[in-house]
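Here the structure comes first, spelled out in structure tokens, and everything after it is commentary.
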Amino acid sequence: MSTELPKQYQPSEVQSRWLDYWKENGYFDANPNPNSEKKPHTIMIPLPNVTGALHMGHALNGTLQDLITRWRRMQGYEALWMPGTDHAGIATQAVVERRMFEEEGLTRHDIGREALVERIWKWKDSYEKRILEQLRQLGASCDWRRTRFTLDETCSKAVRRTFFRFFKDGLIFRGKRLVNWDPHLQTAVANDEVFHEEVDGHFWTFTYPVVGEDGELTGEKLAFSTTRPETMIGDSAVCVHPTDERYEHLVGLKCRIPVTGRDIPIIADALLAKKELGTGCVKVTPAHDHNDYACGLRYGLEQINILNPDATINEHGGEKYQGLDRYECRTKIVEDMEALGHFVEVEDRKIELAHSDRSKSPVEPYLSDQWFVKMDDWADGKPGLAQSAMDAVTDPDGKKPRVKFFPQRYQRTYLDWLGEKRDWCISRQLWWGHRIPVWSKQIGQIQIESGVFVQNEDSKAFAGKTVFGFLTDEQNENVLVQERTDATSGDQFRYVCLDSDDPEIISKLEQEGYEQDESVLDTWFSSALWPHATLGWPDTGNNPPLADGSSEPSTLDSQPSAKNEVLDYFYPGSVLITSRDIITLWVARMVLTGLYNMKDSPRVQRGEMSPQDMVPFSHVHVHPKILDGFGQTMSKSKGNGCDPQDLIDRYGTDAVRFSIASFAGETQDVKLPMGYECPHCENVVPQALDGKGPMVKPATVKGTLRGTSEKVLMPCPKCKKESQFSTPQYDLDPAQPAARMVSERFEYGRNFCNKLWNAARFAIMNLEGYTPGKIQESDLRLEDRWVLSRLSRVTEEVTTLLGRYQFDKATQAIRDFTWNEFCDWYLEMIKPRLKAEGDDGAVSSEKAVAQRVLVGVLDGLIRLLQPFTPFICEELWQKLKDIAPERGLFEPQAAAESAMIASWPELPASLQDANLEDRFSRLQETVVAVRNIRAVYGIGPNVPVKLFMKCEPGVAEELQVCADQFENLAKTILEAAGAEIDRPAASASFNLKDADGFVPLEGLVDVGAELERQKKEADKLRGFIKGHSAKLKNEKFVQNAPEKVVAEVRETLAGLEKQLESVEAVIAQLGDG
RNA sequence: GGACGAUUAGCUCAGUUGGCUAGAGCGCCACGUUGACAUCGUGGAGGUCACUGGUUCAAGUCCAGUAUCGUCCACCA
């Protein structure tokens, strides 16, 4: 039989083979299994955006999810890891629009809604494919059959139903919101598409005349400052601080805007006005400033929009200003104010002005109509959506919290944000996304008295918005009709909300003059539904279709009633693994929509679960972020990202996974110094800070990547030859040489895999003649018992650590065991037995035992490692199966078909033997001490030395038992051990806690050097002794410290003194010559 | 501005409820390639635990403050 394994682990050969094997065998698939002992374990992927390829953050996120999924699967759970991608409205549309503009000079208005959406679908198809492939390459054991996309039919149904339910429950309202308006492109831009730039501006101070209670000017003037005088047209108030004595007497009066003649109230608001700033008085323009808007809501101020979409002044400017550009208007107003005698002064000032990323032109805060979901509680005190999600974490009923954060500190982020209960603006003026399922037409108009709101019983919930009437179309349960009046314009509308995409209903509506809302829903609206939508909700009568469109066969043939078994079985989910930046936007919303939508699901109706328990996951693990070598977030705009594929190709998937897991601790983000390896000369060019080195600095304009496909070629600083520099932002041109990313930190994982590989290689080479058989306790040697004790302990530890999501510690525990215990000691110690020949060349009985324990331990180790490094484990598992298909500790059993479906190791705790481990460390310390002496005196490893040990008889006996190991591990003959031993002449010595060792080195020992060495040792001991005895002399310590601690110090001190005594004796002898 | 986190060896990080001599990996130095592994082995050097106070018998660990760095959120008349 050939057991030839290459000397080095070759990941690329192994990886594709096992990916196919796992897939063919359906090992990743998870199916409802309610009638078996198996329990479900559900993880929903934090759906990656189809904006671009995956980066290192995804690699970390994916590795951890796969680790947990594989672990739980081995533990016997029906483990589902649900994959899928997010349409990512703004980001994706922006990238496609930008590319289209740069390559073809086209804007979306040139090609129209339908054509743009079609183009984005094509983009989505290509990137979704790439993303899923990247995940596969990482070894992700997702149930790929169930892959979902937020715009697919299953998810769309969930979106429509949720919106409809919200609408019906009065949770959806229409309101105004200030958006960042790009007048050039005539579109709203998201916050992250806005950059701030300092521009030269002016800071004017003007006055408004005060109007008395009789409506006449009092002669007093109120001074204020502004950088945007044109917004005067839209002022609704002037605001001062409530405790500002200068203005106290004016609050409640009005003042007049000189250029329009309109009177506005003088109000006092502590949040808006700051006494010490400027004149202490500020004008309030709710429709054109974010702070003023909030103030306007607090005081019920009129919101006056003064701009047309192209940023010219609208009808509110009156004859004088209407039609002027906002900047022309600014000049005009300044002139007019001056002419009217209300100008005080002007100074030049640098102003931080918001600019649109796309058009690079200034954006204006612009009041627009938007849809909202109410987050606040109900007027009657019934908890609203936000409160329900908070309760799931804080557990007000004193039961177990239903959602728990790991690490716990992150629950604060979640609670603080939800606690604000801010209404959720769900509409976006985009074309890529779920269209808002509401059709409307205007049915009239009523006059609304300026500045006064029409109040009704929902006033708290709908502050600033008004609801009139609520009709339901009784013939269609999926049609809701509502009539509402716009609180600012007085326009009356009838809205029709549909939970249907039935073209017949829609065309009927449109015939009657109804138009569908142009906006689409916020991306987070659909991703909030991810945990239940992917499982087929709201369809509770059928299993969700699989990704290829086929339907999943029922697993419950006996059950005649149709039901959605998938949703029933896998919801509520188990754990969400994500990064901290979406705790609010995503995690919080998944909890609240999950509770809301699932509160009346079949399991609740059947009484199996309470509505409060229908949370999407019971654990949230928040993992660290990946940073570059300078501690900066990796981002597109900085160009410092890394495609995980570079690392996978270079180090192997398992190495990348293992390294990543070892980085994932509870506190620190992961700093990854990276470099680019020149394909010509292999020189590694370190990644430099933004713009200061050979880092790929993608062509940027004002801080943002131009998402073009242009290839950047850069010369290597050493060999001067050009190559592409890899980045996740570009697809590498295969025709050009590429400098791909490397990072020393991944050698950790690569080296570990290689070590494991070689340990297994050694085992396999020594398993010739292996026969399965029961391992008798009495046949076990010291090292066997020790390795089993250690394996049992480590297994327990890793299991606990994974349960707490402490991946760094789990990784370290496994590595330490594998390398420093299994390889360094156990394998070394069993070599003699493996070499022992039996009679007639047959396998000797001691060899047979060694083989059985070895293969049993290796088997356990591979299983322990499978979730971390699945590929190498599968490879070794299969190799091991060829030579030892039946194996195991104590009782041999047939090995599982695949490592990934083998059971998670559980070793009896009775194997753990602290006393034996202590004895073993004495052996280790002795061996190390002898090796040390060899190193110090330059005695080669093959020159035999003798060892004398002075110690208690009991210790001596234990040393004698493992005497053969001294020879094996240190080429050392234990000549004698016991209390009566004296230091042989011309020997080097060492001392342990309970023994002194002497190695006679006739002719080899340099007395002077040895004396030096021992003196140094004595000094070290004296230092420790001083510290310890000082403690004991301190009465307060002896009085106050726990007895146990005092006793420990005494014991240690005694030991140290004894050791010092031995060393001093040696020194005395050496001194004598 | 608010919240959270970090600051320990040249680098990247561990360090449990305060308690024996503060650890690991990489890098460095010396030695070592005939049988698992040079992606290796053996041995070694290397730390004023950011700073200043405080609590305590005892502080890397707890408290207060300072400095620097980072993340998220809010915002910048």
Side-chain angles (χ1 to χ4, degrees), chain A residues 5 7-9 196 203 224-228 231 239 272-274 277-279 281-285 289-292 351-352 354 407 409-410 412-413 416-417 420 579-584 624-625 627 629-633 651 655 659 662-663 665-673 744-745 747-748 750-766 808-809 812 815-816 819-820 823-824 827-828 831 835 928 931-936 938 940-942 970 1020-1021 1023-1024 1027-1028 1031 1034-1042 1044-1046 1048-1053 1055-1056:
Chain A
L5 261 64
K7 276 188 163 190
Q8 286 182 0
Y9 172 51
H196 291 265
F203 190 66
F224 62 90
S225 302
T226 178
T227 57
R228 294 191 297 159
T231 59
C239 177
L272 188 66
K274 301 265 182 304
L277 274 179
T279 64
C281 171
V282 58
K283 67 192 213 51
V284 187
T285 323
D289 180 279
H290 291 95
N291 281 327
D292 295 3
I351 295 164
E352 282 277 309
R409 66 175 185 276
Y410 288 113
R412 188 157 175 174
T413 309
D416 285 354
W417 186 80
E420 292 178 28
S579 77
R580 75 178 95 88
D581 36 2
I582 47 178
I583 290 173
T584 54
K625 281 175 76 89
L627 309 174
F630 305 96
Q632 299 182 340
T633 320
Y651 304 101
S659 304
S662 81
F663 301 154
E666 288 194 312
T667 49
Q668 298 269 65
D669 283 335
V670 179
K671 214 146 87 171
L672 282 185
E744 272 184 11
R745 294 199 68 191
E747 290 175 11
Y748 179 79
R750 181 200 56 187
N751 294 354
F752 174 75
C753 289
N754 197 56
K755 188 71 181 177
L756 174 71
W757 178 260
N758 278 290
R761 178 169 175 260
F762 169 79
I764 288 166
M765 286 180 354
N766 283 284
D808 56 339
K809 295 191 176 69
Q812 201 180 347
R815 184 195 182 276
D816 287 350
W819 203 310
N820 303 341
C823 290
D824 286 354
L827 290 186
E828 292 304 325
K831 277 179 181 174
K835 281 182 198 142
V928 168
R931 284 173 180 167
N932 185 349
I933 288 169
R934 281 185 185 280
V936 168
N942 295 320
K1020 204 168 131 193
L1021 286 166
F1024 302 148
H1028 280 70
K1031 261 190 186 178
N1034 182 344
E1035 275 174 35
K1036 284 180 181 169
F1037 171 71
V1038 181
Q1039 269 168 24
N1040 295 327
K1044 198 181 144 212
V1045 174
V1046 179
E1048 271 169 13
V1049 174
R1050 282 215 175 91
E1051 206 178 304
T1052 310
L1053 181 62
L1056 288 168

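Lettering of chains follows the sequences in order, A, B, ..., and the numbering in each one begins at 1. Atoms considered below: every heavy atom in the structure, side chains included; atoms not considered: hydrogens, waters and symmetry mates. Keep in mind that what you see is a predicted model, and the values were worked out from it rather than measured.
When the side-chain contact (heavy atoms from CB on, under 4.5 Å) test is applied to Arg931(A), the partners found at least two apart in sequence or on another chain are Trp825(A), Val927(A), Leu969(A). Applying the side-chain contact (heavy atoms from CB on, under 4.5 Å) test to Val284(A) and every residue at least two apart in sequence or in another chain returns Ala237(A), Cys239(A), Leu272(A), Pro286(A), Asp292(A), Cys295(A), Leu301(A). Legend: residues meeting salt bridge (charged side-chain N to carboxylate O under 4.0 Å, His left out) with Lys831(A), ordered by chain and number and at least two apart, are Glu828(A). Asp816(A) is linked by a salt bridge (charged side-chain N to carboxylate O under 4.0 Å, His left out) to nothing, counting only residues two or more places apart in sequence or in another chain. Checked against salt bridge (charged side-chain N to carboxylate O under 4.0 Å, His left out), Glu420(A) has the following partners two or more places apart in sequence or in another chain: Arg422(A). Among residues two or more places apart in sequence or in another chain, the salt bridge (charged side-chain N to carboxylate O under 4.0 Å, His left out) test is passed with Arg745(A) by none. Under the side chain to side chain donor-acceptor pair (under 3.5 Å) criterion, Tyr410(A) pairs with Arg580(A), sequence neighbours left out. Contacts of Ser579(A) classified as side-chain contact (heavy atoms from CB on, under 4.5 Å), with partners at least two apart in sequence or in another chain: Asp581(A), His623(A). By the side-chain contact (heavy atoms from CB on, under 4.5 Å) test, Lys671(A) is found to be paired with no residue, residues two or more places apart in sequence or in another chain being considered.
Regarding contacts with the backbone of C69(B), every side-chain N or O of Lys671(A) stays at 4.0 angstrom or more from both OP1 and OP2. Of the side-chain N and O atoms in Arg412(A), one or more sit less than 4.0 angstrom from OP1 or OP2 of C4(B).
Among the heavy atoms of the strands lying under 4.0 Å from Tyr748(A) are primed sugar atoms or P, OP1, OP2 only; no base atom is included. Counting any heavy atom pair closer than 4.0 Å across all strands shown, Asp669(A) reaches sugar-phosphate atoms only and no base atom. Counting any heavy atom pair closer than 4.0 Å across all strands shown, Tyr410(A) reaches no nucleic acid atom. Among the protein residues, Arg228(A) comes within range of no part of the nucleic acid, since none of its heavy atoms lies under 4.0 Å from any strand. Val1045(A) comes within 4.0 angstrom of a base, heavy atoms only. Using a 4.0 Å heavy-atom criterion, one finds that Thr413(A) contacts no nucleic acid atom at all. In this structure, Pro941(A) reaches neither bases nor backbone, as no heavy-atom distance under 4.0 Å exists between it and the strands shown. Within 4.0 Å (heavy atoms only), Arg934(A) reaches no atom of the nucleic acid at all.
Rounded to a whole Å, the CD atom of Gln632(A) is 14 Å from the P atom of U12(B). Rounded to whole angstrom, the span from the CD atom of Glu747(A) across to the P atom of C26(B) amounts to 10 Å. Atom pair Glu828(A):CD and C37(B):P shows a separation of 11 Å (rounding to whole Å applied).
For Thr1052(A), taking side-chain heavy atoms from C-beta onward, the closest of the listed nucleotides C20(B), C26(B), A36(B) is C20(B). Here the nucleotide nearest the side chain of Thr226(A), chosen from U71(B), G5(B), A77(B), is A77(B). Of the candidate nucleotides G25(B), A77(B), G19(B), G25(B) has the atom nearest to the side chain of Arg815(A). Residue Arg409(A) places its side chain closer to G5(B) than to any other of A36(B), C57(B), G5(B).
Judged by distance alone, with hydrogens and angles left aside, Lys7(A) brings no side-chain donor or acceptor close enough to the base of A38(B) to form a pair under 3.5 Å.
Here the CZ atom belonging to Phe752(A) is positioned 10.5 Å from the NZ atom belonging to Lys755(A), to the nearest 0.5 angstrom.
In terms of heavy-atom proximity, Thr226(A) sits nearest to Arg228(A) at OG1-N, 2.9 Å.
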In dot-bracket, 5' to 3', how would RNA chain B read with Watson-Crick or G-U wobble pairs under 3.5 Å, [ ] for crossing ones and | for pairs to another strand?
(((((((..((((.....[...)))).(((((.......))))).....(((((..]....))))))))))))....
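Here the side chain of Asn754(A) pairs no donor or acceptor atom with the backbone of Gln8(A) at under 3.5 angstrom.
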For nucleotides 39-42 of chain B, list the nitrogen or oxygen atoms of the protein found under 3.5 Å from its nitrogen or oxygen atoms, one pair per line.
residue: U39(B); atom: O4'; partner: Asn751(A); partner atom: OD1; Å: 3.4
residue: U39(B); atom: O2'; partner: Asn754(A); partner atom: ND2; Å: 2.6
residue: U39(B); atom: O4; partner: Gln8(A); partner atom: OE1; Å: 2.6
residue: C40(B); atom: OP1; partner: Asn751(A); partner atom: ND2; Å: 3.3
residue: C40(B); atom: O3'; partner: Lys755(A); partner atom: NZ; Å: 3.3
residue: G41(B); atom: OP1; partner: Lys755(A); partner atom: NZ; Å: 3.3
residue: G41(B); atom: OP1; partner: Trp819(A); partner atom: NE1; Å: 2.5

Taking only nitrogen or oxygen atoms into account, show me every contact under 3.5 Å that the protein makes with nucleotides 14-18 of chain B, one pair per line with its distance.
residue: A14(B); atom: OP1; partner: Thr667(A); partner atom: OG1; Å: 3.4
residue: G15(B); atom: OP1; partner: Lys809(A); partner atom: NZ; Å: 3.1

